[in-house]
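Data first, discussion second: the structure below is written as structure tokens.
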Amino acid sequence: MLRTKTCGELNSAHVGQTVTLAGWVDKYRDHGGVVFIDLRDRYGITQVSFKLDTASEIQEIAQELRHEDVVQVTGEVVSRGEGNINPKLSTGEIELLAKTVVLLNKSRTPPFEPRGETLPNEELRLQHRYVDLRRPALQRNMILRHKLTKAVRDYFDNLDFLEIETPILGRSTPEGARDYLVPSRVHEGSFYALPQSPQLFKQILMVAGYDRYFQIARCFRDEDLRADRQPEFTQIDIEMAFVEYDDILDTVDGLVKAMVKSARGIDFPTPLPRYTHAEVMEKYGTDKPDLRFDLPIANISDLVGDSDFGVFKNTVEAGNFVRGLCIKGGADKYSRRILDNDLKGLVGEYGAKGLAYFKVTDGKLDSSIAKFFNDEQQQAIIARMQGENGDLLVFVADTWKVSCAALAALRNFVGKDQQLYDPKAISCLWVVDFPLFTWNAEENRWDAEHHPFCAVRPEDEGYFQTDPGKIRAQSYDLVCNGYEAASGSIRIHDPAIQQRVFDLLNITPDEAERRFGFLLNALRYGAPPHGGIALGLDRWVMLFAGCDNIRDVIAFPKTQRASDLMLGAPSEVDARQLRDLHIKLDLPEENA
RNA sequence: GGGGCGGUAGCUCAAUUGGUUAGAGUACCGGACUGUCGAUCCGGUGGUUGCGGGUUCAAGUCCCGUCCGCCUCGCCA
């Protein structure tokens with residue numbers, strides 16, 4: 001070993017010992033007769049002092065040291081003495097008095113310094129990820145990620161789960177997200193697909209009798225990125241046989257408890273609250289509400305249908321909705337200009353054509369449009385919104401879908417803007433009873449809301465003929481701080497039910513056989529009732545780390561255009577490689 | 001595919017209405033200094049203003065195109 005201690009562990013108890021440290025030069029302070037080096041490794045920072053009266057070659061090396069040089073220092077741990085203690089460092093009571101120093105590797109002047117308080121732009125950080133990853137903030141995230149996965153493995157191990165790996169090279173199925181494809185050399189013209197999730201494999205593992213499975217699984221989806229979405233990401237994938245709905249939820253409640261314990265050291269109250277899909281859409285406008293704050297949506301459609309305000313009236317007459325939020329004390333927080341520009345613009349992004357608003361003043365509505373509402377209507381609106389003097393009432397009049405999306409976005413904005421919650425808080429809920437199908441108006445057909453293998457609530461089976469939109473799935477999402485943090489379902493194990501689902505989705509038996517034949521086959525050979533769920537590991541690390549960006553919890557993330565700026569991936573390949581794969585490029589003109 | 005923000009010294013940023021030689025802090029280089037911990041002091045180097053075109057007497061600034069990064073809508077069963 002090139003070191004006997006790390007830079008984070010020395011304290012007064014070690015005074016008098018001779019130790020060897022190795023690490024990076026975090027900072028140097030050259031006083032001529034004495035040189036101080038803050039030596040950094042992932043465990044911490046220890047000050048090293050080089051004195052003039054020591055050997056001259058030590059002095060020489062010490063004065064040459066610059067940021068990010070890699071050095072090995074042997075010396076004596078000495079007390080800094082009164083007045084020289086640095087309370088900012090855990091090792092601040094001591095320093096290492098250098099006896100020998102070896103410059104293990106000189107660094108070029110780094111593009112930025114890991115200790116810098118202002119972060120350089122992300123492009124530069126991603127190009128030099130090895131420097132970025134030296135920053136304590138990112139190191140904390142990587143350590144947290146390790147601790148969480150360890151807690152997950154321990155939790156499942158204690159419950160007799162088996163961690164089983166499934167293939168990365170799989171088969172493309174047209175459902176769901178766009179696949180990443182890998183050409184086969186041996187099978188000319190054929191392609192593997194990288195898994196969007198191990199969904200089908202884990203169901204097949206249930207058929208195979210591995211009744212408690214989990215995996216920390218890498219998944220790939222070739223879709224556009226977001227702050228919380230990467231093209232490759234990690235799921236905590238779970239499947240259980242001989243279980244019912246509640247068994248999965250209970251198991252995950254325990255997992256969340258174990259993760260919170262590991263990340264925050266606290267006992268998280270479980271069971272996590274359960275809301276129906278219909279409930280959260282009504283009250284929060286989204287299937288992933290952030291419940292760190294309340295700020296519910298209220299529906300006033302029934303109160304304003306016969307008002308003189310044309311926009312509201314016409315909306316209600318068309319069978320649409322007038323819904324809104326009551327922003328407590330918001331009357332003097334949002335000016336007319338902000339409401340008419342910023343907030344209207346915000347809801348506009350979700351398709352809302354306008355934003356109506358009123359202040360509550362002297363128990364009445366106060367606004368340029370208040371005159372269209374008589375006293376009775378005003379009182380009814382204020383009561384429904386639970387408004388008080390000084391509150392701001394904002395409304396979106398639109399279709400159900402648009403009012404949901406616009407108000408959910410507005411709710412999130414206000415929650416953050418008005419600091420209605422502690423950003424470090426963790427607030428989880430289950431959203432259950434999702435519809436099995438959603439009507440796709442453009443394509444004039446039913447789509448699977450989750451995936452076509454979701455089990456049906458037995459009491460809803462009658463709706464297959466009459467009203468498929470009313471069928472509730474035995475599916476569940478776990479939502480945390482406004483993120484979809486897990487999603488799963490009890491699966492169909494009965495081929496007859498499976499066929500009815502395919503029928504409704506307009507998937508013919510032939511087509512089903514061609515696309516999912518391997519799964520359907522497996523289900524025919526003794527499939528136990530089973531179900532499962534997958535948690536987005538990256539998002540959980542984000543939540544616990546308190547960061548709002550998934551790249552900061554992934555060691556080597558990709559940019560929004562899915563490139564790796566450090567590797568320069570993706571890249572062109574040799575003509576020979578393409579020839580082996582029988583691939584000819586057919587690029588658009590401008591790129592040719 | 002659509003909308004928005006950004007790109008000026010190694011880094012973080014500034015630069016009035018389009019107007020002199022594009023500045024500051026930090027880093028880097030040289031010098032001084034035996035107790036600093038954002039060390040200090042003195043001096044210095046450092047610029048394809050992302051790239052290409054245009055308007056203009058004059059462009060970091062205005063216009064068009066393009067590349068890259070971020071946020072977002074669509075998309076993500």
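No experiment lies behind these values; they were computed from the predicted model shown. Note on naming: letters A, B, ... go to the chains in the order of the sequence lines (proteins, then strands), and numbering restarts at 1 for each one.
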Is any side-chain heavy atom of A/His493 closer than 4.5 Å to one of A/Gln498?
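Of all side-chain heavy-atom pairs linking A/His493 with A/Gln498, none is under 4.5 Å.
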Taking the side chain as everything from C-beta on, heavy atoms only, tell me whether A/Asp179 gets closer than 4.5 Å to A/Leu194.
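No, side chains not in contact.
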If you look at every strand shown and take non-hydrogen atoms under 4.0 Å, does [X] touch a base, only sugar-phosphate, or nothing?
X: A/Glu113; answer: sugar-phosphate
X: A/Glu349; answer: sugar-phosphate
X: A/Gln47; answer: base
X: A/Leu89; answer: nothing

Using the [atom1] atoms only, state how far [M] lies from [N], rounded to an integer number of Å.
N: B/G52; M: B/G7; atom1: C1'; result: 16 Å
N: B/G31; M: B/C68; atom1: C1'; result: 41 Å
N: B/G60; M: B/G50; atom1: P; result: 10 Å
N: B/C73; M: B/U20; atom1: P; result: 43 Å
N: B/G35; M: B/C41; atom1: P; result: 15 Å
N: B/C28; M: B/G53; atom1: P; result: 37 Å
N: B/U55; M: B/U12; atom1: C1'; result: 33 Å
N: B/A59; M: B/G69; atom1: P; result: 30 Å

Can you tell which of [options] lies closest to the side chain of [X]?
X: A/His31; options: B/A39, B/A27, B/C71; answer: B/A39
X: A/Glu95; options: B/G35, B/C33, B/A27; answer: B/G35
X: A/Val34; options: B/G35, B/G74, B/C37; answer: B/G35
X: A/Glu123; options: B/G35, B/A39, B/C68; answer: B/C68

Taking only the side-chain nitrogens and oxygens of [X], find out if one of them lies under 4.0 Å from OP1 or OP2 of [N].
X: A/Arg115; N: B/G38; result: no
X: A/Lys27; N: B/A39; result: yes
X: A/Thr109; N: B/C28; result: no
X: A/Tyr350; N: B/G3; result: no

Could you tell me the separation between the CG atom of A/Leu124 and the P atom of B/G10, rounded to a whole number of Å?
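The answer, rounded to whole Å, is 11 Å.
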Provide, to the nearest angstrom, the distance between the CZ atom belonging to A/Arg125 and the P atom belonging to B/C70.
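Value for this atom pair: 11 Å.
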Scan every strand shown for a Watson-Crick or G-U wobble partner of B/A24, both distances under 3.5 Å, and answer none if you come up empty.
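Checking every strand shown, B/A24 finds its partner in B/U12, with both distances under 3.5 Å.
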If we call it a pair only when both distances are under 3.5 Å in a Watson-Crick or G-U wobble match, what pairs with B/A58?
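The base-pairing partner of B/A58, which may sit in any strand shown, does not exist here.
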A/His67 on top of B/A27's base, within under 5.5 Å and under 30°?
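By the stated criterion, A/His67 and B/A27 do not stack.
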Output the distance between atom CG (A/Leu96) and atom OG1 (A/Thr74), rounded to the nearest 0.5 Å.
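That separation rounds to 8.0 Å.
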From A/Asp132 CG over to A/Met566 CE, what is the distance, rounded to the nearest 0.5 angstrom?
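If I round to the nearest 0.5 Å, the distance is 11.0 Å.
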Identify whether NZ of Lys or CZ of Arg in A/Arg323 sits under 6.0 Å from the centre of the six-membered ring of A/Trp400 and within 45° of that ring's axis.
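Positive - A/Arg323 is close enough to the ring of A/Trp400 and near enough to its axis.
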Do A/Gln215 side-chain atoms and A/Thr166 backbone N/O form a donor-acceptor pair below 3.5 Å?
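Yes, A/Gln215 side chain to A/Thr166 backbone: donor-acceptor pair under 3.5 Å.
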